[in-house]
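What follows is one structure encoded as structure tokens, with my remarks underneath.
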There are 2 protein chains.
Amino acid sequence: MLADSEIEHLDNIVQRKRVLKKGEFLFKAGDPFDAIHAIRSGSLKSYTISSDGIEQLTGFHLPGEMVGLNAVSTEAYPSFAKALETSLVCSIPFDRLEALARDLPALQSQLFRVMSGEIRDEQELMMLLSKKNADERFAAFVMNLSARYRRRGLSDKEFFLSMTRSDIGNYLGLAVETVSRLITRLQKKELIEIKDRYLCIKDLHELSALAGTSCHH
Amino acid sequence: MLADSEIEHLDNIVQRKRVLKKGEFLFKAGDPFDAIHAIRSGSLKSYTISSDGIEQLTGFHLPGEMVGLNAVSTEAYPSFAKALETSLVCSIPFDRLEALARDLPALQSQLFRVMSGEIRDEQELMMLLSKKNADERFAAFVMNLSARYRRRGLSDKEFFLSMTRSDIGNYLGLAVETVSRLITRLQKKELIEIKDRYLCIKDLHELSALAGTSCHH
DNA sequence: CGAATGTTTGAGGATGCTCAAGGGATGTGG
DNA sequence: CCACATCCCTTGAGCATCCTCAAACATTCG
């Protein structure tokens with residue numbers, strides 16, 4: 001945690017708050033890397049474009065989270081970041097953040113921790129992708145969102161899915177049709193309820209069990 | 001890159017060089033996190049144990065690479081690190097590294113870059129797992145090792161696979177049998193040649209094309 | 001209101017897993 | 001040094017999961 005005086009320093013270097021409308025880019029792959037970004041409200045997706053021109057989703061970003069940490073060692077952003085809905089974003093020039101981190105041990109420490117945490121989260125996702133079947137993946141995806149909303153003090157049982165079914169499928173390595181069928185099935189089992197894009201978790205315990213690593217049968 | 005004087009500082013805080021024999025642990029999940037580690041020679045694997053007791057591989061570590069970066073924000077290591085062969089490892093107490101980074105801007109910067117790079121590498125792996133079929137995964141795996149050896153000035157066309165087929169399958173989300181069949185097939189196509197665990201890339205160009213993101217047919 | 005985009009459902013098929021078995025390599029204790 | 005156990009690798013046959021293709025409906029937006 002940062003002290004008030006430190007947060008004040010941070011506020012000073014926040015370049016600007018920017019509003020992105022749905023579909024607008026925070027940055028594109030190839031844009032020169034200059035800043036990392038904190039989501040204040042709304043949500044974004046990160047993706048790359050493969051050599052055959054297909055969108056490859058790498059992550060969703062919710063309020064309170066950072067975008068651009070994967071670009072620190074590069075000249076240019078390696079991915080696109082696009083708003084899934086109207087979103088408010090704060091950008092922080094990285095060179096200034098780095099300089100400030102030298103003077104504020106707590107900030108340096110915090111940055112290391114945030115980056116380390118991102119590494120860990122991705123390892124978890126990798127296991128999800130390499131070990132779990134479709135149902136488990138989707139359950140884990142929902143539980144992951146739930147936990148992230150809870151961490152920010154928002155409801156962990158009811159929230160809005162700002163991404164399309166197609167985005168979810170792309171992210172989880174599943175076909176859109178499979179995602180749609182999963183949702184139907186989990187609703188029939190009364191684990192969740194989805195009306196349009198509002199998701200309500202009916203049985204958090206059961207869903208968590210499904211998401212938890214389990215054997216293949 | 002660090003200046004000589006900076007490297008000297010670093011050398012001073014390297015706790016010790018440790019030799020690990022095949023099968024020995026560098027650390028176990030749950031061990032208190034105190035240091036990150038640099039591989040001097042040999043190789044290690046990282047893995048977690050899922051709730052049902054199954055080993056879940058998260059990465060391989062080659063000479064010149066760092067282990068433990070995913071633990072910076074935690075009290076304890078979240079994974080196991082086990083030597084795949086006799087290996088030499090340098091451990092660096094993290095609190096001292098952090099302190100030193102405050103005084104050596106280049107070191108701080110380097111740490112940010114290494115961590116950011118790890119985030120990026122994992123995103124690439126995620127895409128591999130969610131988008132590619134078995135052949136593409138294995139080709140990408142071999143190309144990845146090849147590039148990492150090249151970066152360290154070692155041969156990128158011939159190297160030793162210190163991990164078992166089972167480890168590879170676990171890592172790539174494939175059954176051992178599938179890995180074995182893949183190897184047989186790629187040898188018949190004369191893209192690679194494997195004698196025991198010595199791998200020789202016969203057609204780097206073709207293998208690279210196979211590894212590169214391509215459509216599902 | 002039409003066009004584009006997103007969602008759902010069905011039918012058939014391919015990829016990769018499971019199960020099964022055999023051979024080879026490595027290591028340990030007698 | 002051999003016998004035995006264990007681990008690793010390979011190959012085959014059958015099958016399940018999830019993808020592809022196809023079509024219809026819903027929703028959003030200009």
Side-chain angles (χ1 to χ4, degrees), chain A residues 21-24 45 52 54-55 57 82-86 128-141 160-188 192-199 210 214-217, chain B residues 21-24 45 52 54-55 57 82-86 128-141 160-188 192-199 210 214-217:
Chain A
K21 276 183 290 189
K22 180 176 176 174
E24 286 183 342
K45 66 174 177 181
D52 50 359
I54 311 249
E55 207 169 285
L57 258 155
K82 194 187 216 175
L84 290 168
E85 58 193 316
T86 302
L128 183 159
L129 290 170
S130 76
K131 301 287 169 342
K132 293 180 180 175
N133 65 25
D135 297 75
E136 294 164 341
R137 284 187 205 187
F138 186 76
F141 169 71
F160 181 70
L161 296 173
S162 55
M163 67 295 285
T164 67
R165 305 284 192 266
S166 176
D167 283 337
I168 298 173
N170 190 316
Y171 181 62
L172 295 179
L174 300 171
V176 196
E177 296 93 326
T178 303
V179 173
S180 186
R181 280 186 256 268
L182 287 174
I183 290 176
T184 305
R185 203 182 321 158
L186 289 184
Q187 281 191 109
K188 278 192 184 135
I192 60 172
E193 198 174 299
I194 295 191
K195 174 70 179 165
D196 291 336
R197 289 195 185 168
Y198 277 98
L199 176 97
L210 183 57
S214 65
C215 35
H216 245 254
H217 263 248
Chain B
K21 275 184 287 190
K22 180 175 176 175
E24 286 182 342
K45 67 174 177 181
D52 50 0
I54 310 251
E55 207 169 285
L57 258 156
K82 193 187 218 175
L84 291 169
E85 57 193 318
T86 301
L128 182 158
L129 290 171
S130 76
K131 302 288 168 346
K132 293 180 181 175
N133 65 26
D135 297 75
E136 294 164 341
R137 283 186 205 187
F138 186 77
F141 169 69
F160 180 70
L161 296 174
S162 55
M163 66 295 287
T164 67
R165 304 284 192 267
S166 176
D167 284 337
I168 297 173
N170 190 316
Y171 181 61
L172 296 178
L174 301 171
V176 196
E177 296 94 325
T178 304
V179 174
S180 186
R181 281 186 256 268
L182 287 173
I183 290 177
T184 305
R185 204 183 319 160
L186 289 184
Q187 280 191 110
K188 278 192 184 135
I192 60 172
E193 197 175 300
I194 295 191
K195 174 69 178 164
D196 291 335
R197 289 193 184 169
Y198 277 98
L199 177 100
L210 183 57
S214 65
C215 35
H216 244 255
H217 265 246

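Hydrogens, waters and symmetry mates are skipped; everything else that's a heavy atom, side chains included, is used. In the text below, chain A, chain B and the rest are named by the order of the sequence lines, each starting its count at 1.
Across the protein-nucleic acid pair, A:Glu55 atom CD and C:dT5 atom P stand 13 Å apart, rounded to whole Å. Taking atom CZ of residue A:Phe138 and atom C1' of nucleotide C:dT8, one finds them 14 Å apart after rounding to whole Å. At whole-Å resolution of the value, NZ in B:Lys195 and P in D:dC9 are 14 Å apart. One interatomic measurement links the two molecules: NZ of A:Lys132 to P of C:dC17, which rounds to 17 Å at whole-angstrom precision. Put simply, CD on B:Glu85 is 15 Å from P on D:dC8, counting in whole angstrom units. What separates CE of B:Met163 from P of D:dC7 is a distance of 20 Å, to the nearest Å. Between the P atom of C:dT7 and the CG atom of A:Leu174 lies a distance of 15 Å, rounded to the nearest Å. A straight line from CZ of B:Arg165 to C1' of C:dG16 spans 18 Å, rounded to a whole angstrom.
Rounded to the nearest 0.5 Å, atoms CG (B:Asp135) and CZ (B:Arg181) are 12.5 Å apart.
Within the structure, salt bridge (Lys or Arg N to Asp or Glu O under 4.0 Å) contacts touching residues 162-176 of chain A (residues at least two apart or in different chains) are A:Lys45-A:Asp167.
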Short heteroatom pairs, N/O only, protein and nucleotides 24-26 of chain C, under 3.5 Å:
none

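Applying the side-chain contact (heavy atoms from CB on, under 4.5 Å) test to B:Gln187 and every residue at least two apart in sequence or in another chain returns B:Ile183, B:Ile192, B:Glu193, B:Ile194.
The shortest heavy-atom contact between B:Ser162 and B:Glu85 is CB-OE2, 3.4 Å. Counting all heavy atoms, side chain and backbone alike, B:Lys22 lies closest to B:Leu84 at CG-O, 3.5 Å. Residue A:Gly23 comes nearest to A:Lys82 through the heavy atom pair O-CE, 3.4 Å, listed as atom of the first residue, atom of the second, then distance. Closest heavy-atom contact between A:Leu182 and A:Ala134: CD1-O, 3.6 Å. Closest approach of B:Gly169 and B:Val179 over heavy atoms only: CA-CG2, 3.5 Å.
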Pairs under 3.5 angstrom only: tabulate donor-acceptor contacts from the side chains of residues 170-177 of chain B to other protein residues two or more places apart or in another chain.
{"residue": "B:Asn170", "atom": "OD1", "partner": "A:Lys131", "partner atom": "NZ", "Å": "3.0"}
{"residue": "B:Asn170", "atom": "OD1", "partner": "B:Leu57", "partner atom": "N", "Å": "3.0"}
{"residue": "B:Asn170", "atom": "ND2", "partner": "B:Glu55", "partner atom": "O", "Å": "2.8"}

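More than 12 heavy atoms of other residues, nucleotides or ligands shown are found within 6.0 angstrom of CZ on A:Phe160.
Recorded end-axis angle for the helix from C:dC1-D:dG30 to C:dG30-D:dC1 stands at 50°, based on five pairs per end and rounded to 10 degrees.
Looking at A:Leu161 and A:Tyr198, their side chains never come closer than 4.5 Å, going by heavy atoms from C-beta outward.
Backbone-only engagement by A:Gly173 is indicated by non-hydrogen atom pairs under 4.0 Å involving sugar-phosphate atoms exclusively.
Nearest nucleotide to the B:Arg197 side chain, out of D:dC19, D:dC9, C:dG16: D:dC9.
Contacts between residues 176-187 of chain A and DNA chain D, defined by a heavy-atom separation under 4.0 Å, are made by A:Glu177, A:Thr178, A:Arg181.
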